[in-house]
Amino acid sequence: MQEQTTAALTGLGPLAPGLDELLIAAVAGTKAHMGALYLLPPDERVLLMSSVVGIPAPIAHQWARVRLEDPVPAAAAVRERRLVWLAGHEDVARRFPGVALSLPYHFSVAAMPVHAAGADWGALVLLWPEPHPAELTPHELEAIEAAARRMGTLLRRAADRGQPLLPASRPRILSPRRDAPGDPADAAAAYDYLNRLPWGACAMDMEGRITFITPQAAALLGVEPADLLHMRPWEVLPWMGDPVFEDHYRQAVLSHQPTSFTARQPSGRRLAFEFHSDQTGISVRIAPDLTAPPPAGEEQSHTADGRTLRADALYNMVHLAATLTRAVTVQDVTDLVADQVMSVCDIQALALMVAENGRLRVVGARGYGPGFVDRYDGLPLGAPTGSCDALRSGDPEFYGTWEEYKQAYPDAVRYDDMSAWAVLPLITSGRPFGTCLFGYDRPHMFSADERATLTSLAGLIAQALERARLYDVKHQLAECLQASLLPSELPAVPGLQVAAHYLPATREMDIGGDFYDLIRLDDTTVAAVIGDVQGHDMTAAALMGQVRTAIHAHATAGASPGEVLAHTNRLLIDLAPELFTSCLYVTLDLARHRATLASAGHLPPLLRTPGSAARCLELPPGLLLGLEPDADYTTREVAFPPGSLLALYTDGLIEAPGVDLDQGMDDLAGHLTRSADRPLHILAQILIDQAESVDHRTDDIALLMLRSAP
């Protein structure tokens with residue numbers, strides 16, 4: 001069967017099978033115990049789980065939406081366009097600590113991007129139980145690559161026909177391939193065998209529901225067999241609601257390793273459970289526990305009202321806590337809460353609101369229309385609404401029906417057909433600063449456990465939202481500072497075309513100190529400067545402004561390029577001896593058609609003269625500004641005939657993982673050569689767009705281009 005599966009995956013027949021069949025075949029062909037297919041809808045940056053094999057629905061729903069920026073294997077595979085292989089839980093913890101925290105079980109993971117015709121279509125994820133060899137076998141690798149390739153071809157063909165294959169609102173749970181059922185006589189013999197054993201046995205499907213149970217097992221549990229069939233045991237037997245039981249169920253499902261534990265019945269009798277699982281379900285052995293009982297107080301942990309907290313609620317909180325640690329902005333918090341909580345808890349609408357200047361401000365929403373936002377954004381805090389009352393009192397409020405809410409607030413307006421609400425105060429340092437509003441499209445009865453869970457979730461959301469709001473304010477101030485320190489417009493110089501671009505690092509990074517300037521010295525002479533202050537913070541941005549001002553002052557005073565850098569170097573040592581700056585200073589004499597350059601440890605500029613290819617100008621090396629007070633900076637003079645083009649840039653334009661600076665400069669010169677005849681503002685944008693890191697910048701990018709009139 002393995003050979004047939006591999007053959008089916010490695011060659012396209014006249015009719016390609018469906019995506020579900022390809023996923024099932026990939027799981028079978030690699031002997032994985034779980035598999036998932038993520039699809040990337042057009043023009044979106046979110047991977048949506050389309051179908052899964054061997055993964056229970058509650059766990060699948062937690063991972064149904066993965067943003068491309070998320071630190072998870074599927075997203076990393078698509079971003080990096082390569083196979084991501086994690087041989088075990090230690091590898092997962094090192095590379096993706098949030099995943100390891102959310103799924104603390106032992107398994108190996110392979111994530112392969114689904115790519116075809118130059119486009120990203122999704123990711124194929126496969127899991128194996130540990131132990132697995134440190135590397136994938138050639139057979140496994142061939143089957144994974146073939147499956148991803150065929151999936152990509154199928155998705156591309158569907159898109160070309162104008163019928164793209166898109167995921168449903170929830171992933172499809174597929175059944176793995178099973179061996180053909182045996183003779184009925186064998187089944188009867190197996191049943192007789194189980195009934196003769198002195199212990200009990202039962203079988204559960206991947207969702208934890210009991211599909212078969214022996215009379216002995218039911219008797220040990222203290223119920224009739226019919227009461228447990230097609231039910232999860234922890235939903236029927238309150239004493240099994242301890243998180244330990246469901247945790248071992250999840251561990252057995254995800255790791256395919258035998259697990260065991262003991263539980264105590266209300267009567268005091270202790271039972272031993274053993275879980276053994278494969279792709280089709282779990283076999284459970286139940287027997288009286290004959291070992292010595294544990295010390296008092298170490299067996300189970302119950303809530304105050306005698307019931308235990310559901311394990312799925314605990315896992316949701318752990319998973320959300322892990323994901324919220326990477327939330328940087330308020331929008332990040334909104335997206336993560338919506339993605340991680342709404343589908344799992346069957347919530348249809350979410351709104352995050354904070355108090356500002358005596359009014360309620362909606363800072364994030366999902367599932368609510370503009371009418372709701374228009375109504376609540378700017379609402380006075382004294383208004384009679386659940387959100388305002390929860391904000392004032394700091395107590396959560398739950399309304400199971402519209403009638404309940406209407407009774408509490410007779411003037412309330414119903415938005416988006418919501419029928420039940422959880423209004424949760426957002427509290428940090430003992431002070432409510434906002435509310436989280438969950439909306440349900442059907443009446444909803446909130447149990448005590450669910451109320452406690454939602455309240456705990458609100459605590460996690462509050463901490464993340466407070467951090468994000470502080471970050472947004474800090475980042476906005478830093479951006480305003482940097483924008484004010486860069487030239488608002490460059491001077492017009494007859495006979496010289498100029499184009500400049502500046503891109504700050506992406507939102508996950510602080511502000512940087514890249515700068516540029518153009519200084520008109522007289523009617524035919526101009527100075528161009530570009531530099532990079534060490535660091536990514538407001539100190540670097542402020543120092544950048546001081547350096548630019550100093551250079552401007554010395555340049556207009558008539559100093560040569562080397563003297564400008566030397567004077568600025570001494571000033572920088574006095575201002576901030578612990579920070580360094582690279583800088584390139586160029587004087588262009590348009591009458592003599594000459595360029596004079598001096599460098600303080602900056603990347604060499606690119607020069608293209610008419611009829612030749614662009615090349616890097618080798619300049620005399622100079623120390624970074626701020627290192628040595630007596631540093632000298634040697635100048636070099638080169639021809640700058642009419643029609644010449646000079647490009648000054650910072651390292652953010654050419655840096656990329658796995659690419660050295662020399663290669664990056666050569667590639668940039670090639671782009672400049674091929675597009676040199678384009679209008680200068682278009683050429684500058686072309687050079688910006690070619691940067692491999694432009695979408696996920698860890699550094700600023702500054703580019704200043706100058707072309708003399710032909």
From [atom1] ([X]) to [atom2] ([Y]), nearest 0.5 Å:
| X | Y | atom1 | atom2 | value |
| --- | --- | --- | --- | --- |
| R269 | W239 | CZ | CH2 | 9.5 Å |
| H61 | D346 | NE2 | CG | 10.0 Å |
| I427 | T435 | CD1 | OG1 | 11.0 Å |
| L124 | L22 | CG | CG | 9.5 Å |
| H132 | L86 | NE2 | CG | 12.0 Å |
| S277 | L254 | OG | CG | 9.0 Å |

Would you mind reporting whether [Y] and [X] have side-chain heavy atoms less than 4.5 Å apart?
| X | Y | result |
| --- | --- | --- |
| L19 | L154 | yes |
| L465 | V337 | no |
| M112 | V84 | no |
| R209 | M231 | no |
| Q257 | E130 | yes |
| M204 | Y249 | yes |
| I144 | L126 | yes |
| L166 | L39 | no |

Ignoring hydrogens and geometry, is there a side-chain-to-backbone donor-acceptor pair from [X] to [Y] under 3.5 Å?
| X | Y | result |
| --- | --- | --- |
| H33 | D278 | no |
| D205 | E207 | yes |
| Q251 | P258 | no |
| T214 | L194 | no |
| Q348 | D441 | yes |
| H276 | T259 | no |
| E140 | T137 | yes |
| D91 | A87 | yes |
| D335 | A338 | no |

Closest non-hydrogen atom pair between [X] and [Y], with its separation:
| X | Y | answer |
| --- | --- | --- |
| A64 | P171 | CB-CD, 4.2 Å |
| L426 | A458 | CD2-O, 3.6 Å |
| L220 | I286 | CD1-O, 3.5 Å |
| W85 | P133 | CZ2-O, 3.7 Å |

Original post:
Under 6.0 Å between ring centres, would you say that holds for W128 and H106?
Top reply: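 Ring centroids of W128 and H106 are no less than 6.0 Å from each other.
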**OP:** Check whether the ring centres of H248 and F275 lie less than 6.0 Å apart, and answer yes or no.
**Re:**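 Ring centres of F275 and H248 not closer than 6.0 Å.
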Assess whether atom [atom1] of [X] is packed by more than 12 heavy atoms of other residues, nucleotides or ligands within 6.0 Å.
| X | atom1 | result |
| --- | --- | --- |
| E224 | CD | no |
| D416 | CG | yes |
| Q407 | CD | no |

Original post:
Quick one: do D417 and R442 make a salt bridge, cutoff under 4.0 Å?
Top reply: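 Result for this pair is no, no salt bridge flagged.
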**OP:** Could you tell me whether R264 and D289 make a salt bridge, using a distance below 4.0 angstrom between a side-chain N and a carboxylate O?
**Re:**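 Judged by the 4.0 Å cut-off on N to carboxylate O distance, R264 and D289 do not form a salt bridge.
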**OP:** Could you check whether the rings of Y368 and F372 sit parallel, tilted or perpendicular, using 30° and 60° as the cut-offs?
**Re:**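 Rings of Y368 and F372: parallel, as their planes differ by under 30°.
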**OP:** For the residue pair S419 and R414, confirm or rule out a side-chain donor-acceptor distance under 3.5 Å.
**Re:**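 Judged by distance alone, the side chains do pair up.
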**OP:** Only one of Y399, Y440, W421 passes ring-ring contact (aromatic ring centres under 6.0 Å, His included) with F446; say which it is.
**Re:**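 For F446, the ring-ring contact (aromatic ring centres under 6.0 Å, His included) check succeeds only for Y440.
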Original post:
Stepwise, does the salt bridge (charged side-chain N to carboxylate O under 4.0 Å, His left out) test hold for R67 with D332?
Top reply: CA-CA 10 Å; R67 298 185 302 170; D332 289 341; 3.5 Å; yes
